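Notes follow once the structure below has been shown.
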Amino acid sequence: SRLSERLSKTRSTFTYQLDTLFLGKREIDNELLDDLEEILITADLGVATTQELLEHARRKVKRKELTDPAALKDTLKEKIKAFILDAVANDELRMPDKGPFVIMVIGVNGVGKTTTIGKIAHKFQQSGQSVMLVAADTFRAAAVSQLQIWGERNNVPVVAHQEGADPSSVVFDALGTAVSQNIDVVLVDTAGRLHTQANLMEELKKIKRVMGKKLAGSPHEILLVIDATTGQNGISQARLFDDAVTITGMALTKLDGTSKGGIVANICREIKVPIRFIGIGEQMDDLRDFNADEFTEALFQ
Ligand code: GDP
């Protein structure tokens, strides 16, 4: 599939290393498990997630439920899938019955926030929804013009004020316009960096508060964008943002550019918030709805 092609960087190392490790081995001994530990850590599964995977395997070996090294690969696959499913369980992206579906998009600069917004806009448009983009990162002129470029590409309106304007007032105006124009989906871009981290978090809290006041129930989704190539850093970012505004979903970008696709399972296990989308390239249609089964299969193919 195209997904597994795009994950080829991960597969070419992770799957190759696993297959090489198991090749010709007759039993699962400590040496094999030590080598396995290294491979898992290298794939960005993280120390805690790796330990849990190994414990799970060791228990199965001890109980003689697992003897064949080749079967160990399936055991890993199932456990990794379980971590992901656990985070995704019963929590689908749900649009409100009435009024615009408001998605507040957050994340540090450079992770692919604007690109992801452009791709999501495209996706909703393809399914026949009207979309509006909102430039609530008023601190960087470049951020506003980047968003405007995606707006033009998709032919969707972009609400922006002048540089330095209060982001909350941009959002306030935009939601009013979205309601009066019967817009289906509103995607709000936010700052990824301010003078201090505390300032940024306060700003995001304020934007969220103002949204709720202007349109009850909104934002319906607080989507954190994480760069998959940043490993443990991405997990730290998720914790920080979650503490501040309680994220409801994640988009994981640049999975095409990393050999460390294990980060997906690691993030799910650590953060327990569903991954909604994955970015697998720079183009408009390089976004996929995240599906645990499809992803795990592609990872182990
Ligand atoms: P922002 O600062 O978070 O808004 O980041 P941008 O949207 O400007 O993206 C930063 C860079 O990452 C750009 O060069 C994008 O083309 C690139 N990018 C975003 N998503 C992906 C992805 O899924 N795969 C790849 N390979 N590049 C991406």
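These values consider heavy atoms only, across backbone and side chains, with no hydrogens, waters or symmetry-generated copies. Owing to the predicted nature of the structure, the values given are computational and were not obtained by experimental measurement.
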With a 4.0 Å cut-off on N to O distance, would you call E270 and R239 a salt bridge? yes
Under 4.5 Å between side-chain heavy atoms, hopping through other hydrophobics if needed: is there a path connecting L187 to V144? no
Between F172 and D166, is any pair of side-chain heavy atoms under 4.5 Å apart? no
Dump the intermediate steps for salt bridge (Lys or Arg N to Asp or Glu O under 4.0 Å) on R288 and E294, then the final yes or no. CA-CA 11 Å; R288 294 283 177 278; E294 185 193 24; 5.7 Å; no
How far apart are the closest heavy atoms of A136 and V171, and which atoms are they? CB-CG2, 3.8 Å
Would M250 and V225 count as a side-chain contact (heavy atoms from CB on, under 4.5 Å) here? Give the steps. CA-CA 6 Å; M250 297 185 284; V225 182; over 6 Å; no
Can you see which heavy atom on T296 is nearest to which on K77, and at what distance? CG2-O, 3.6 Å
Spell out, yes or no, whether Y16 and L299 are grouped together once hydrophobic residues are joined by side-chain heavy atoms under 4.5 Å, including indirect joins. no
Evaluate whether atom CD of E31 has more than 12 neighbouring non-hydrogen atoms of other residues, nucleotides or ligands under 6.0 angstrom away. no
Do L21 and K25 make a side-chain contact, defined as non-hydrogen atoms from C-beta onward lying under 4.5 Å apart? yes
Pair D227 + K254: basic N to acidic O under 4.0 Å: yes
Q126 atom CD, over 12 foreign heavy atoms within 6.0 Å: yes
Student check: side-chain heavy atoms of W150 and V156 closer than 4.5 Å: no
For the CG atom of D286 and the CG atom of L255, what is their distance to the nearest 0.5 Å? 12.0 Å
Around N155, counting heavy atoms of other residues, nucleotides and ligands shown, do more than 12 lie under 6.0 Å from its CG? no
Side chains of D173 and H161 only: does a donor on one sit below 3.5 Å from an acceptor on the other? yes
Pair E221-T248, side-chain donor/acceptor within less than 3.5 Å: yes
Heavy-atom distance under 4.5 Å between the side chains of I226 and I263, does that happen here? no
Quick one: CG on D184 to CD on Q129, what's the gap to the nearest 0.5 Å? 4.5 Å
Heavy-atom nearest pair, I84 first then A292, reads CG2-CB, 3.5 Å
Distance (rounded to the nearest 0.5 Å) between D242 CG and L240 CG: 10.0 Å
I want to check a possible cation-pi pair here: R269 against F83, using under 6.0 Å from ring centre and within 45° of the ring axis as the test. yes
How close do D68 and I28 get, heavy atom to heavy atom, and via which atoms? O-CD1, 3.9 Å
Test item: side-chain donor near acceptor, T49 and N266, under 3.5 Å: yes
Look at the aromatic rings of H220 and F101 and report parallel, tilted or perpendicular, splitting at 30° and 60°. tilted
Would R58 and E55 count as a salt bridge (Lys or Arg N to Asp or Glu O under 4.0 Å) if you check the C-alpha gap in whole Å, the side-chain angles of each, and the deciding distance to 0.1 Å? CA-CA 5 Å; R58 280 201 186 95; E55 275 313 304; 3.3 Å; yes
Given L36 and L33, is the side-chain contact (heavy atoms from CB on, under 4.5 Å) satisfied, shown in steps? CA-CA 5 Å; L36 177 62; L33 290 172; 4.2 Å; yes
Side chains of I106 and I247: does their closest heavy-atom pair fall under 4.5 Å? yes
Minimum side-chain heavy-atom gap D189-K113 below 4.5 Å: yes
Any chance you could lay out the side-chain contact (heavy atoms from CB on, under 4.5 Å) test for L18 and L76, step after step, and finish with the verdict? CA-CA 10 Å; L18 285 183; L76 290 174; 4.2 Å; yes
Do K123 and D285 meet the salt-bridge criterion of a basic N to acidic O distance under 4.0 Å? no
Whether F14 and F300 hold their rings parallel, tilted or perpendicular, with breakpoints at 30° and 60°: perpendicular
Interatomic spacing from CD1 in I103 to CZ in R276 - rounded to 0.5 Å: 9.0 Å
Does the side chain of T115 come within less than 4.5 Å of E282's, by heavy atoms? no
So, E202 and K205, do they make that salt bridge, N to O below 4.0 Å? yes
Tell me whether L93 shares a hydrophobic cluster with L215, the cluster being built from Ile, Leu, Val, Met, Phe, Trp, Tyr side chains joined at under 4.5 Å. yes
Exceeds 12 heavy-atom contacts within 6.0 angstrom, atom CD of Q51: yes
Got a salt bridge between R140 and E163, using NZ or NE/NH1/NH2 to carboxylate O under 4.0 Å? no
Minimum heavy-atom distance between K119 and G281, given as atom pair plus value: NZ-O, 2.6 Å
Approximate separation, where rounding is to 0.5 Å, of L40 CG and L45 CG: 5.5 Å
dist Q148:CD -> L133:CG (nearest 0.5 Å) comes out at 10.0 Å
Where is the tightest heavy-atom contact between L204 and A191, given as atom of each residue plus distance? CD2-O, 4.5 Å
